*Asks:* 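The structure under discussion is supplied below as structure tokens; questions concerning it will follow.
Letters A, B, ... mirror the listed sequences (proteins, then strands); counts begin at 1. The model shown is predicted, which means the values in this text are computed figures rather than measured ones.
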Amino acid sequence: MTKINISDTTGRNLWLMKSEPDVYGWDDLVAEGEGTWDGVRNHLAARNLRTMQAGDLAFFYHSNIGVEVVGVIVISQGGLSDPTDPEGKWAAVKVKPVQKLPQTVTLKQIKATPELQEMDLIRLSRLSVGSVRPDEWNLILRMAGAL
DNA sequence: GCCAACGTTGGC
DNA sequence: GCCAACGTTGGC
């Protein structure tokens, strides 16, 4: 896995990206080494994808099964067009795994944490690619035992 | 331009 | 399996 200090967020945008683990989970990304994040068909999520730059960090979140943050990934390549879109209008990025969290952080825990109520994850529950603020990032890392 | 119908996402 | 939230489509 890519060696990065996940608590050093200077100059990096922070994100949270959802995937259903029975379709594409953390272990699948680790096995692949690098994955293409495509198939997003929501305008706000796509805008977030287009904003991403190589070096940005993201939480990898398991939706539907687990319903928890499981690891940290890094955007390895930004500004791609979605290979699954024949029109080439939708966006994609490439990502690499950085670190599995010592303990997962569940949606239930996040919902129970007052400081995390403003997260896209909570406010826009169906958004598959949301942004994360540095204070939220660090608190979740702390909850995961990664700091 | 409104709104009903329908489809999808995602939590529970 | 159900339902709430949200997006899209199509009739008017």
*Asks:* With sequence neighbours left out, write down each residue that passes salt bridge (charged side-chain N to carboxylate O under 4.0 Å, His left out) with A:Asp120, or none if nothing qualifies.
*Replies:* A:Arg123
*Asks:* At under 4.0 Å between heavy atoms, what does A:Leu107 touch on the DNA or RNA strands: base, sugar-phosphate, or nothing?
*Replies:* sugar-phosphate
*Asks:* Tell me yes or no: between the side chains of A:Thr104 and A:Glu68, is some donor less than 3.5 Å from an acceptor?
*Replies:* yes
*Asks:* Can you give the first and last nucleotides of DNA chain C, 5' to 3', that have an atom under 4.0 Å from a heavy atom of chain A?
*Replies:* C:dA5 to C:dT8
*Asks:* Are the side chain of A:Asp82 and the backbone of A:Asp38 linked by a donor-acceptor contact shorter than 3.5 Å?
*Replies:* no
*Asks:* Going by atom types alone, do A:Trp15 and A:Asn48 pair a side-chain donor with an acceptor below 3.5 Å?
*Replies:* no
*Asks:* Can you confirm whether the side chains of A:Ser76 and A:Glu34 place a donor and an acceptor under 3.5 Å from each other?
*Replies:* yes
*Asks:* Please work out if A:Lys111 contacts a base, only the sugar-phosphate, or nothing of the nucleic acid, heavy-atom cut-off 4.0 Å.
*Replies:* sugar-phosphate
